[in-house]
Visitor: 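Encoded as structure tokens, here's the structure I'll be asking about.
Below, read A as the first sequence line, B as the second, and so on, with proteins coming before strands; counting in each chain starts at 1.
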Number of protein chains: 2
Amino acid sequence: MARKTGSHSQTTGPRVRAAAATLFARHGFAAVSMRQIAAEVGVQAGALYLYTPDKQTLLFDLMQSHLEELLAAWGAEPKGDAPCGRLVAFVRFHIGFHLARPEAVFIAYMELRNLSPENFRAIEALRHRYEDALEGILRAGQADGSFHIPDTRLATMALIAMLTGVTNWYREGGRLARAEVEAIYCDMALKAVGATG
Amino acid sequence: MARKTGSHSQTTGPRVRAAAATLFARHGFAAVSMRQIAAEVGVQAGALYLYTPDKQTLLFDLMQSHLEELLAAWGAEPKGDAPCGRLVAFVRFHIGFHLARPEAVFIAYMELRNLSPENFRAIEALRHRYEDALEGILRAGQADGSFHIPDTRLATMALIAMLTGVTNWYREGGRLARAEVEAIYCDMALKAVGATG
DNA sequence: GTCTATAATTAGATAGAC
DNA sequence: GTCTATCTAATTATAGAC
């Protein structure tokens, strides 16, 4: 086993991010101090500045990497050709991805107003790209007659809000298993867009 | 016109609450200082403590009065007998009420983690009572065959998340008028629960 | 790479003058 | 009812020893 040569740089950086994610999700960005993060990692506050230039950048990096991971994961997801199949794939993917990362999801939705204006624009652009992925599916289904949607943009926002809402109430080991939740949301989503197939 | 007898107590209290609501919604509870609130009202920081014992209680009062107003307004709303009509009434009521109070809605959903444990329990109880109102409609519709819902509790959470999501994207004077948005959401909600009528 | 110490600022809340 | 002044404590971020 390779010796770590006395350096912790390969582990402390990620641990700082993990501790920040946990604390930001639990108490909110503004309510968490750099000292709390340091204590969670097990270092002193000053040491954090070896891994981030400031607290704001720490938040931005968490949100940016979450959304880039989301886009990359959806891009790598196998999807069918028919709009109905693609919508089902999106619903399952969205729920699975979000339930697997409750902290990152929480931060990405709740801490937008704590971003600097430039950072906010960057995050919003990434989020918009993800919304466009769903809107593309709905447009295709509307075009080929699979769906019956009064307004695709509104349906996009409604569906994403509905799906993301699972993270507010779902608890592992609760009344419903994840697969059951996914199936029920697929059913509701297909019905909501008036799917025929 | 009655003279104000030199006292501002009838106006400053509400103005403190209004300023706090605006600032909490914009920047978040933890990021707003008592001095900022005082500046918005046009008094000094110390004067705020004539109207609230502390910052935490100020937040709690905003959330509590919002939810009590929500429950009272829904209770006073005229509703039909048939489940379909009652669901339509709920959708229109929920969207209308929430779009009219973007600040209070934002605070009630985003600042739960900044409540003390006791205050959190009180707010959650109020929120649960409101969710139960929708769940009652869905249960009735499921019972009389108007709706076809795999799981009423899950459908309740899904619908509320979908409806509340309007506050994230709707802008007055935007592409769609409020009535159009309500109509489209009614359509999607009815379809999502498999309404037959 | 981490710690200790500290600078500079700001926070929530209170006391007492007016 | 409001202001000024202040207390105590906590904040972000940096400097320099090790």
Visitor: OP1 or OP2 of D:dG1 versus the side-chain N and O atoms of B:T12: is any pair under 4.0 Å?
Guide: no
Visitor: Measuring to OP1 and OP2 of D:dA10, would you say a side-chain N or O of A:S33 lies under 4.0 angstrom away?
Guide: no
Visitor: Rounded to whole Å, please give me the gap between CG in B:N114 and P in C:dG12.
Guide: 12 Å
Visitor: As an exercise, state the distance from CZ of A:R178 to CG of A:L99, rounded to the nearest 0.5 Å.
Guide: 6.5 Å
Visitor: Give the nucleotide from the list D:dG1, C:dG1, C:dA11 with an atom nearest to the side chain of A:Y51.
Guide: C:dG1
Visitor: Starting at CD1 of B:I37 and ending at C1' of C:dA13, how long is that distance when rounded to a whole Å?
Guide: 13 Å
Visitor: Less than 4.0 angstrom between a side-chain N/O of B:Q44 and OP1 or OP2 of D:dT4, yes or no?
Guide: yes
Visitor: Take A:Q36 and A:A47, find for each the nucleotide of DNA chain D with the closest heavy atom, and name the residue whose nucleotide sits nearer the 5' end.
Guide: A:Q36
Visitor: Looking at A:Y49, I'd like to know whether one of its side-chain N or O atoms comes within less than 4.0 Å of OP1 or OP2 on C:dC3.
Guide: no
Visitor: Can you figure out which of D:dC3, C:dG12, C:dG1 approaches the side chain of B:M34 most closely?
Guide: C:dG12
Visitor: Whole-Å distance between D:dT11 C1' and A:L48 CG?
Guide: 14 Å
Visitor: Using the ring centroid of each side chain, check whether B:W74 and B:F97 are separated by less than 6.0 Å.
Guide: no
Visitor: Would A:K55 count as a cation-pi partner of A:F29, with NZ or CZ less than 6.0 Å from the six-membered ring centre and within 45° of the ring normal?
Guide: yes
Visitor: In the structure I gave you, are the side-chain heavy atoms of B:R113 and B:F120 within less than 4.5 Å of one another anywhere?
Guide: no
Visitor: Looking at every strand, decide which applies to A:V41 at a 4.0 Å heavy-atom threshold: base, sugar-phosphate, or nothing.
Guide: nothing
Visitor: So if I take every side-chain heavy atom of A:K55 and compare against C:dA13, D:dA13, C:dG1, which nucleotide ends up nearest?
Guide: D:dA13
Visitor: Hey, does the Lys NZ or Arg CZ of B:R92 hover above the aromatic six-ring of B:Y185, less than 6.0 Å from the centre and inside 45° of the axis?
Guide: no
Visitor: Let me know the distance between CG of A:L50 and P of D:dG16, rounded to the nearest Å.
Guide: 16 Å
Visitor: What is the distance from CZ of B:R35 to C1' of C:dT9, rounded to the nearest Å?
Guide: 11 Å
